[in-house]
Number of protein chains: 2
Amino acid sequence: MPALSLDALELIQIVAREGSFTRAAARLGKAPSAVTYAVRKLEEDLDVLVFDRRGYRAQLTPAGRVLLDEGRLLLEDAARIEAVVRQAERGWEPTLRIALDATLPFDWLVEHLGAWDAAGCPTQLRIGSEALGGTWDALVDDRADLVIGAAGDPPSAHAISIQPLFEVEFVFAIAPHHPLAQAREPLSSAERLAHRAIAVADSSRRLPAQSSGLLLGQPTLVVPTMEAKLELQRRGLGVGYLPRWLAAPLIARGELIAREVDEAKPTAHLLVGWRSARRGGQPGRALAWWRERLRGARPPASLDSASPVVGSIKAARSRRSGHGASARRSGRPAR
Amino acid sequence: MPALSLDALELIQIVAREGSFTRAAARLGKAPSAVTYAVRKLEEDLDVLVFDRRGYRAQLTPAGRVLLDEGRLLLEDAARIEAVVRQAERGWEPTLRIALDATLPFDWLVEHLGAWDAAGCPTQLRIGSEALGGTWDALVDDRADLVIGAAGDPPSAHAISIQPLFEVEFVFAIAPHHPLAQAREPLSSAERLAHRAIAVADSSRRLPAQSSGLLLGQPTLVVPTMEAKLELQRRGLGVGYLPRWLAAPLIARGELIAREVDEAKPTAHLLVGWRSARRGGQPGRALAWWRERLRGARPPASLDSASPVVGSIKAARSRRSGHGASARRSGRPAR
DNA sequence: AGGCATATTCTAAATTATTGAACATCTTGC
DNA sequence: GCAAGATGTTCAATAATTTAGAATATGCCT
């Protein structure tokens, strides 16, 4: 059993603030002797002298000052817990950890985050990024409560619920100066096998790692993010599939070219997933909000592939660079 | 006043662990009705249902689970505070923040850290690095409790105590291929003024920034650490004073040369400093330990300037690189 | 259904917190 | 130096709270 008590901690905050036992008692609407009694009890429980009473007025001892300072933080935490618990009773999770699949840029999420913000939900969001099997892995491993944009089947035997998000097409994209740009379409596996592939690293920690769109024995460069993959392929340092919406603007500008292949990577059906059957009844309201919100979600737009709207070149540029920066900001998942 | 109480928090930990009110009561050596009463009181205080009693055995509600999880952390904090306060009564500060002046490498401190470790003191150390006036600034600004290696006078009117550490000589060091290497000694201010100086940035945040060994109007490149300054001067990208012990090995190897100047930077008397007159009596024991320890401290040795001891070239190399790595590890001060 | 375990309710008892007055100590103003 | 005003303590009485124990109701298990 803790020797400390929050009430005692609060009391010495008030004593320290008021500067005397008597005034603290007045502030609390109690008799001075009650304060004496409470302080003495704290000191006995703790077996530590908190106030030095040799002088006229009680003075904090060094240990007392430590208790005061540390106690303040503890009281703040306690108050925070009270609030969080009250919200929990109304159905709001304390935090909701979202894992965003690498297929989707952070920017895509921003619009939804705006709506979330406007809704004024008390739940704290924590957004991470995962790739390939790592997205499901995050769910199974309890690093995330909601995954957005996972591809492929969820691991079975893990009580996971899903709903469809949308479909994403992939294109086999290479730099115009890449040797494969000269080959006749469709590109065969044998031709592709000879060139280095760029792959996004699977971020799984429990489930076995996967790869996607790679050929057995193909030299591969593994990068941590989709942005890195895009950049390397743009520079001709390797080849591979890219989401169409991501590659489209570069293809339009001629920085990348799409190539037909014999066995095209099939369209990915992205999913939203969460652990089903939360113990103790209904899922949280924050999770429910996001499920509902994502029911009508649309794929990322290819920002500058659309027919040019009115606006300066500078605006278009900033739109482009804005995308890159935000996507980078999404960063690696927290450990 | 907090509605929460640590005892109640502890109680629900035990109930959750034991799985029933009755067993929790047995574990606590109390009657079951006492547990019922305590839980009910917690729920009333908090105005939150913690257990669902509709079924046979009491089940945690979702809000109860949040309280359980968050409460566990709070209890751990409370226990930590108890320990820290008990140590505070024995004179140990909870933490001691040391600011090491950029003149001294982190490596120099390591030997003393070993002794500290061996002494088994319960105080937590936090080591940061500061430069020039920033060292005193850290003390005045309460970002550090003890500064090591500060040069110059401590700011007056700030109740700071000092003791001498040791003296450090400086040499005006340049790369052998630097234009100034051809000039006749002693180098005049006018000659030096024409060449870029490398300076370590003052890390002050409150006190006015200083510079040291610079000439008015001299082009200057400011770098964050002494290591960066050394490296730039070694490459001939600028000139300036370096601690003799730091420059000596490079001078011995011919990578730097020392040059006489007309107005040499005077030998620096490094100091150890701390805020005097801690409220409530004696200074902490951790601070006292360091003051005593540093009373007999010796300046950093120039690792490979000493006559070569028995040992392979490889060992000498690793000694060198070890130094660089450790110094870098000391990093920037925490915000 | 019967045995067992669980949680609650209720009252009396035990423990703990609070009061108010008397007292000692210290500061302050004169 | 001394009285007035604060401060903190002590102590016995009182109030509030927690606890125990028995009685009761309910659900699980076989």
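Bear in mind the structure is a predicted one, so any value in this text is a computation, not a measurement. Lettering of chains follows the sequences in order, A, B, ..., and the numbering in each one begins at 1.
For DNA chain D, the outermost nucleotides in 5' to 3' order that have an atom under 4.0 Å from a heavy atom of chain A are dG5(D) to dT10(D). First and last contacting nucleotides of DNA chain C toward chain A (any atom under 4.0 angstrom from a heavy atom, 5' to 3' order): dT16(C) to dT27(C).
For the ring pair (Phe, Tyr, Trp, His ring centres under 6.0 Å) condition, the pairs that include at least one residue of residues 19-55 of chain B, sequence neighbours left out, are F21(B)-F51(B). Among pairs with a residue in residues 21-34 of chain B, those fulfilling side-chain hydrogen bond (donor to acceptor under 3.5 Å, both in side chains) read E18(B)-R27(B), at least two apart in sequence or across chains.
Nucleic acid contact for A34(A): base, since at least one base atom lies under 4.0 Å from a heavy atom of the residue.
Contact between A8(A) and L42(A) at its shortest, heavy atoms only, is CB-CD1, 3.9 Å.
Taking every heavy atom of residues 38-55 of chain A and every atom of DNA chain D, pairs under 4.0 Å involve R40(A), R53(A), by number. Of the residues in residues 6-22 of chain B, not one comes within less than 4.0 Å of DNA chain D through any heavy atom.
Scored by the side chain to side chain contact (heavy atoms under 4.5 Å, CB included) test, A3(B) finds E82(A), D45(B), L46(B) as partners (sequence neighbours excluded). Remark: D145(A) engages R97(A), R275(A) in a salt bridge (Lys or Arg N to Asp or Glu O under 4.0 Å) (not counting sequence neighbours). Every residue meeting the side chain to side chain contact (heavy atoms under 4.5 Å, CB included) condition with A115(B), not counting sequence neighbours, appears here in chain and number order: W289(B), R293(B). For L73(B), the side chain to side chain contact (heavy atoms under 4.5 Å, CB included) partners are E76(B), not counting sequence neighbours. For R90(B), the side chain to side chain contact (heavy atoms under 4.5 Å, CB included) criterion is met by W92(B), R285(B), not counting sequence neighbours.
For the helix from dA1(C)-dT30(D) to dC30(C)-dG1(D), the angle separating the two terminal helix axes comes to 40°, with each axis derived from five pairs and the value rounded to 10°.
When atom types are taken as modelled, the side chain of S276(A) and the backbone of A159(A) share a donor-acceptor pair closer than 3.5 angstrom. Side-chain atoms of W116(A) never come within 3.5 Å of backbone atoms of W290(A) as a donor-acceptor pair (strictly under, hydrogens ignored). In this structure, the side chain of S203(B) engages the main chain of A131(B) through a donor-acceptor pair within 3.5 Å. Here the side chain of Q13(B) pairs a donor or acceptor atom with the backbone of L68(B) at under 3.5 angstrom.
In summary, the side chains of D202(B) and S204(B) do present a donor paired with an acceptor at a separation below 3.5 Å, with no hydrogens or angles considered. Between the side chains of D52(A) and T61(A), not a single donor N or O lies within less than 3.5 Å of an accepting N or O.
Remark on DNA chain C: of its neighbouring residues K30(A) and R23(B), the 5'-side contact belongs to R23(B), judged by nearest-heavy-atom nucleotide.
Of the residues listed (R143(B), Q210(B), R206(B)), the one engaging D137(B) in a side chain to side chain donor-acceptor pair (under 3.5 Å) is R143(B), and it is the only one.
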